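Below is one structure, written out as structure tokens, with a few remarks after it.
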2 protein chains.
Amino acid sequence: MNDDLLSLEEFLPYRLNRLADAVSRDFSRLYRDRFGLTRPEWRLLATLGQYGTMTATAIGQHSAMHKTKVSRAVTALEERRWLRRAPDATDRRVEHLTLTKAGEDAYRELVPLAREFETRILEQMRPAEKSAIISGLAALERAMLQQRDHD
Amino acid sequence: MNDDLLSLEEFLPYRLNRLADAVSRDFSRLYRDRFGLTRPEWRLLATLGQYGTMTATAIGQHSAMHKTKVSRAVTALEERRWLRRAPDATDRRVEHLTLTKAGEDAYRELVPLAREFETRILEQMRPAEKSAIISGLAALERAMLQQRDHD
DNA sequence: TTTCAATTGTTACCGATGTAACAAATTCCG
DNA sequence: CGGAATTTGTTACATCGGTAACAATTGAAA
């Protein structure tokens with residue numbers, strides 16, 4: 001261990017980025033090849049598929065996307081007729097977003113592919129390793145939240 | 001567990017991306033505020049600081065960066081006089097890149113900040129959680145490599 | 001040797017993304 | 001009530017990043 005040098009391969013931010021990039025690039029092929037979706041569009045579809053009707057702001061918070069990403073993804077999926085906007089009864093700034101039948105069909109087609117993708121990766125790991133990554137990520141998520149509160 | 005829905009919060013690619021984004025955004029403040037570096041520039045600096053002289057291709061493979069990112073980061077650090085290019089004795093396509101004194105100074109200033117950043121996060125976790133994330137990431141790295149070989 | 005393929009690094013082009021400015025609507029207070 | 005501040009969502013602008021084309025060089029094959 002040289003104290004003057006940083007081992008990039010063992011450095012947490014680098015490892016996370018490298019892994020997220022690799023996993024994302026592989027996974028994105030599924031929704032890109034099949035439907036020509038971008039990642040923000042996939043996330044929007046996945047969020048609405050899971051939660052039903054939501055507003056753009058709620059989607060942004062829930063799926064960790066910038067509001068401009070959400071806005072553009074909503075426009076894109078609307079043009080495909082995969083979602084529709086409905087006005088709020090009392091607040092005219094807000095739009096309630098819901099998947100159309102076509103959007104739900106796409107979602108239902110992608111969910112099993114997503115599951116298989118994840119399974120295929122976890123299959124390469126031993127049970128103890130699987131628990132380690134799953135609970136380790138959860139612990140790191142908690143740590144990052146506490147970090148935020150601190151500041 | 002609803003088989004028709006995908007829980008995005010538990011989905012590996014999503015969790016990795018979310019964490020990598022959050023960690024990276026926090027960490028980037030260190031090199032951005034202090035030196036105005038971009039992430040590719042920080043990675044280039046960190047790689048050369050750790051390994052000494054390298055070629056652009058080797059840096060790309062080692063730091064998981066596209067060759068255009070490397071090329072642009074090299075230009076940027078060269079203009080700061082943080083690195084210099086030296087021709088190869090036998091292959092005139094290749095350039096050997098090395099940090100200058102100024103580049104090494106910046107590297108030495110950033111390494112402790114990077115260490116503290118990582119420590120501050122891991123401090124929030126219990127020892128068992130720390131081992132879980134560290135070995136879990138290693139296992140996932142192995143799994144992704146095997147995945148690649150498969151195809 | 002000579003020609004064709006592969007490698008190295010740069011750059012033009014285009015799509016993606018965040019910042020900041022913005023319009024419209026709502027809420028907060030005085 | 002009424003003006004200021006906030007919230008919601010969109011868009012202009014600038015920047016970043018990958019694809020593909022490229023020039024230069026080297027290696028391989030014939």
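Just so it is clear, the structure is predicted and the values come from calculations on it, not from any experiment.
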Of the nucleotides D/dC16, D/dT19, C/dG9, which one has an atom closest to the side chain of B/Thr38?
-> D/dC16
Taking only the side-chain nitrogens and oxygens of A/His66, find out if one of them lies under 4.0 Å from OP1 or OP2 of C/dT19.
-> yes
Go through D/dT26, C/dT11, D/dT10 for me and flag the one nearest to the A/Glu95 side chain.
-> D/dT10
Candidate nucleotides C/dG9, D/dT10, D/dG18, ranked by approach to the side chain of B/Val94 - the nearest | C/dG9
Is the shortest side-chain N/O distance from B/Lys67 to OP1 or OP2 of C/dT10 below 4.0 Å?
-> no
Between A/Glu9 and A/Arg15, is there a salt bridge with N-O shorter than 4.0 Å?
-> no
When only distance counts, do a donor and an acceptor, one from the side chain of B/Arg92 and one from the base of D/dT25, lie under 3.5 Å apart?
-> no
A/Ser28-A/Asp26 side chain donor-acceptor pair, cut-off 3.5 Å = no
Among all residues two or more places apart in sequence or in another chain, which pass the ring pair (Phe, Tyr, Trp, His ring centres under 6.0 Å) test with B/Phe27?
-> A/Phe11, B/Tyr31, B/Trp42, B/Phe117
A correct dot-bracket answer for DNA chain D, with pairs being Watson-Crick or G-U at under 3.5 Å, [ ] for crossing pairs and | for inter-strand pairs, is ||||||||||||||||||||||||||||||
In residues 71-82 of chain A, what residues come within less than 4.0 Å of DNA chain C, judged by heavy atoms?
-> A/Arg72
With distance as the sole criterion, do the side chain of B/Arg93 and the base of D/dT26 form a donor-acceptor contact below 3.5 Å?
-> no
Is there a side-chain polar atom (N or O) of A/Arg32 under 4.0 Å from OP1 or OP2 of D/dG18?
-> no
